Every structure is written in C-alpha cells, then in structure tokens.
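Input: a single structure, listed below in structure tokens.
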Amino acid sequence: MYNNYDVIVVGGGHAGCEAALAAARMGCETLLFNINLDAIALMSCNPAIGGLAKGQLVKEVDALGGEMGKLADKTAVHFRLLNASKGPAVQSTRVQCDKQLYRLAMKAVVERQEHLHLRQGLVDELIIEAGLCVGVIDQTGVSYRAGAVVITTGTFLNGLIHIGTTKIPAGRAGEWASLRLAENLKALGFETGRMKTGTPPRLRASSIDFSRLERQDSDPDPQPFSFSTEALRVERLPSYFSYTTAATHAFLRENIQESALYSGRIKGIGARYCPSLEDKVMRFADKERHPVVLEFEGLDTEEIYAKGLGNSLPPELQERLVHSVPGLEAAEIMRWAYAIEYDFVQPTQLWPTLETKQLRGLYLAGQINGTSGYEEAAAQGLWAGINAASAVQGRPPFILSRADGYMGVMIDDLVTKGVDEPYRMFTSRAEFRLILREDNATLRLMDKGHELGLIGPDHYARMRERRDEIAREIGRLSEARIYPVAETLRLLADLGTPPIKNPVSLFQILKREELAYDDLRLFDGWAPIPDAFVKKQIEIEAKYEGYIKRQQESVAKLKSLELRKIPHDLNYDAIPGLSNELRMKLAQIRPGTVGQADRIPGMTQAAISAILIAVKKGEMEKAAKKSVDKKTVG
C-alpha cells in the first residue's frame, strides 16, 4: 500500500506544484515526483510572475485556490502595473520575485500540505492496463500505482541544451533530461513535436556600471495578486535599462554561423513573440537598437538577469556580445546563455479536462502541451490537478468556458486549435476581455474554487461581502439624483466636467471619464467607501456599462452554442458535405459542443449545419429505437 496513491504528479515545476496541491487539497492521497527536490518551482528563466494577460491567469489561479499568486506576493521585490494608462481590460500586474525565496516558499508549502507526499526521482515509464494509465515506474524500477497520473515535465522531456557547438542532454542547466519517458510517450502512439526556448546570461552586479543606465523603481503603492494577501514585503529592488548598439548588431551578423540557432543545429520551433537576440538582429535589420533590461534575481545575490541578451553563441563570443552593450563593458558572466530543445505533445490529443484521449487517467499540463511561461503552466497544472482528483472521486469534470476566464480561453485554444509554436497568453486571444479583467477574477471564479473545496470559508465570505457591497452601492448611486440647479452646475464646473440639462443619477455622472468615485463627495447621496477594491469595481461598472452589456450579450450567444452537445462517437465519415480535411480534424479533436466545433481552424458554417443535421438525425434514431424497445418490452 506504500506505493498506492490516488493521484501521481510527475514534475515539480509551476504546473506540477499547482496540480499536486489541488489534488491533495481536494482530499486525494497525492505523490509528487521531482528529479531534484531542491529545485521545486525553480524559475529556469526570469524570476518574474505576471505580465500582459499573464497577470489575469495568476489572479484566476488564486481565485480558484491555487498558490502562485500568494507566493508571488510573498517574495516579490519589484512591482509594475502594465498598461496603467489604458483601460482595465488590458491592465496586468507583473512582479519580479526573489528567485530562491520563491523556490523555498513553494517547497515549504508542498512539504507541509496534508495528503501530499514528495519523492525525488526520475519517472521513466507509464503503467498501462486496458487503455488506462494506472501508475508510473521510476528509474530504479520501482512501481507506483494511482487512479490518475498528471505529467508536467516542462523542458525536461528529451531536453537538449545548446551553447554554440556544445550539446548537453538536460532539462535545464545542471539537471538531467527525461529521456526514457519521452521514448515511452512516443511508443504509446502520441503525436509529439520539438520546441525551443532559451535563457540569457546572468551577470555579476558589482561588475556593471549602473551609473550609465536608466533606472526604473517599483510602483510605490502596488496591489497584491492574491485575495488573501494582507501585506506585501517592504524590500524593493530597481530594474535598469540599456540598449544594444550598432557594434552589437555588426558583431552578431559577423558571427551568426557560430549560433546554434542559425547553424542549423536547432530543429525545434521557437516563439515569434519572444525571439533571441540573434533573431531580433537578423529578422529586424531596420532596428538600430534593442532594449536590454537588467533585473536582480534576488535580495541576497549578485546575479542579474540580462533580459534581451538571450543567445546560443559559444562562451567566448557571449562575452564579447555582452561587453558591446553600454554599461556592460566590464560585466562578468556568472551563467552562460543557452538555447534548449524539448519534446511536446500536440494538445489536440487532449479532452478539455486535459486528460489524453488515447489513455484514460493520464493528464498533461504545462510546456508538454506546447505552451510557454510560468503562468500558463500554473493554470494548466491547477486545471489538470482538479480534474484528476475529480475523476478519482467520481465528481463532475471541471471546465471553464471562454466566457468564464483566460484559463478557459487557453485550454480551448490548445485542445481545439493545437499549436505550431510555443503558446503564450495574450489579451487579444480573449474575445470577452472586458469582462475577464484581472481586477474582477476573484468575483468571477471564487464561487467555483469554494465548490471544489480549494477556498476556505473565511476568504469566501469576505468575497461575498465585497460582491454584495458593490451591488448595494451601485443600486444606491443609481437612486441618488442630482438636478440642474445653480449650485449643482457650479460644482460640476469646479470638477471640470460639463453641465447637466436634466436630472441624472450619480451612477450616470460617474460614467464620465474625468470623474472618479470620490469626486462625487460634493453631492448628496455620496457615501465614503474605505475598500479600494469595491470602489474600483463601481467605477469600472459605471464607465464601461454599455460595453459590458454588449459583451454579455455575446457571451449569451456563445453559451447557446456550448449547450448544443455533440456525441463523442459521432461518425464524421458518414456526414455528407464535409471536406476530407475537416473530417480529419473533427475525428482527431472530437469537439464536445457546436461552439468548440465552430472554433476549429477552417470550419465553415455549411459544415456546422451538416454536423447539426447529423446530430439531430442521431437523436431521432435513438429516440425511435428507445420507443420500439419500450413497445417490445410491453
């Protein structure tokens, strides 16, 4: 019984930690494997959490009971609200964390979590019985059985590091690659591919001339990621900006064949939106310079993350490259930059629960699904962990639609469209981004987190109080009216806003862009609101009311399509009017709803109509057969 568990999670990165914690908190005896237990939740690249659209994912993970937001708040040393001058739909929080503090904080959380067991080891093989994944075998040959297995291998699956002509099998610098598990997945028939990412050099702070660089300090009054965070740490670290030069670009062009990326040694697909410096210089020849951002990796370390200097050059060329950047002429490299290739599984082979279609009981989360980024990984890990636990416990699957959250957008994109490059979350991917804001994630999703048992009663009660207060105050402002009398017109003029001609409510007045909630204090009917969160929600609801209503109407149309189910066993070969390409895609993806089918690339309205007719015909045939069977029995 020592090696029997409800859920096994393979990999202790951001996806694996969230998956294991979710399953354990739902009451499942859970085993978390990691190659090195001292590297749990280690940030392989920049120790930053959040960013454009990624901040929304972190907030949603927190609202559902995940851990990333809490630990980001606990270990952050630099805070920025991105797109602060733009509308709330595209605003996102980004923090720079202390790399080692984050790792140690997550290690402490998973070690102390009830029902969660840790094991240092390398998983080599899955145990398969009658089409069901029932466990794993580690490199020592020991078997571990479970009701569900979640694989979150990150860049470790057949990982290969490139530094110039040097190739090192590794999941990241200094750690083994997972080679036999990669072979096992291919042998089981999974369609796999190869992707590439990289990391820049780490520089020694005392060797950098910061006096020549542009300094950026943290936001003075940041807001936390987590609903549960009461106070942020007071220590802050600045960031610094420099730029590449014409000399940098000339040097790269002269030595481009020494790059592993441009010499043809790397076959994996890299991300267009996060190119290496080699790519930037070669693809954007018209650009005279590219930014280099220097960020501290922690409070008690000399290491500086040199964002913008990612490359796969040999070490001797990396030094010359770094020294060509202003302020870095004498910079000492502590860790070389490198590129890394790794295997991924095409995510169209997954159900929306992230369970594989080929093997029941097997779930995949994180970079193994072709995604990039800590935040995307954490969201998938939480999703997979919840669904693995739900399956073991006989509970309904956990699914969010595209109208419920960025998480729902991401999962639907992955399982419906697949990937041809590392997938990254963007606000532009979310068609309902005005109602899927970072600031309202708690209000949107905490009900579901509470239902799953991942949100405690105290936090849930506080959220409900806030939600009730928002509704109550909006109702009160809608009832409070002002009239076009001389005193009112004078007050409006003092506020720099146009006069009114007819009686209006304070809620209507608040719609004006130039007015904030506290500006209304001059009028009868205003009441102070000490909670900044409640105040912000009221202002957003007022100013974007019309836009929000239109998006809610679009959401209703989407949900009507999602309610129209498609049987998993529908025979697409028997449906007339479908192209061979669509038949292949439909058979592979097996959409569960008409809405999902409609989002398959290349889908046409004629094809949707044909599918609906086939579904209706199948329903009528089943109903007729059922009627005949009843008569026969009678």
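Computed from a predicted model, the values in this text were never measured in an experiment.
Considering only residues two or more places apart in sequence or on other chains, Phe79 meets the ring-ring contact (aromatic ring centres under 6.0 Å, His included) condition with none of them. The ring-ring contact (aromatic ring centres under 6.0 Å, His included) check on Tyr102 picks up His14, with sequence neighbours excluded. In this structure Asp73 satisfies the side chain to side chain donor-acceptor pair (under 3.5 Å) test together with Thr229, sequence neighbours excluded.
Asp412 has a carboxylate O that lies under 4.0 Å from a charged side-chain N of Arg599, or vice versa, which qualifies the two as a salt bridge. Using a 4.0 Å cut-off between charged nitrogen and carboxylate oxygen, Glu302 and Arg202 do not count as a salt-bridge pair. Electrostatic pairing of Arg25 and Glu114 does not count as a salt bridge here, judged by no charged N lying under 4.0 Å from a carboxylate O. Salt bridge present: Arg462 and Glu465 bring a charged side-chain N and a carboxylate O closer than 4.0 Å.
Sorted by first then second residue, the side-chain hydrogen bond (donor to acceptor under 3.5 Å, both in side chains) pairs that include residues 540-561, not counting sequence neighbours, are Lys511-Glu545. Pairs passing the side-chain hydrogen bond (donor to acceptor under 3.5 Å, both in side chains) check and including a residue from residues 37-48, sequence neighbours excluded, read Ser44-Arg172, Asn46-Gln96, Asn46-Glu295.
Note on ring orientation: taking the six-membered ring where Trp is involved, the planes of Tyr273 and Phe426 are perpendicular (angle over 60°, cut-offs 30° and 60°).
Inspection of the Glu562 and Ser401 side chains reveals no N or O donor paired with an N or O acceptor under 3.5 Å.
Partner of Val61 under the side chain to side chain contact (heavy atoms under 4.5 Å, CB included) criterion, out of Glu18, Lys70, Gln380, Glu67: Glu18 alone.
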Please output the side-chain donor-acceptor pairs of residues 453-461 that fall under 3.5 Å, not counting sequence neighbours, one pair per line with the distance.
residue: Tyr460; atom: OH; partner: Asp447; partner atom: OD1; Å: 2.6

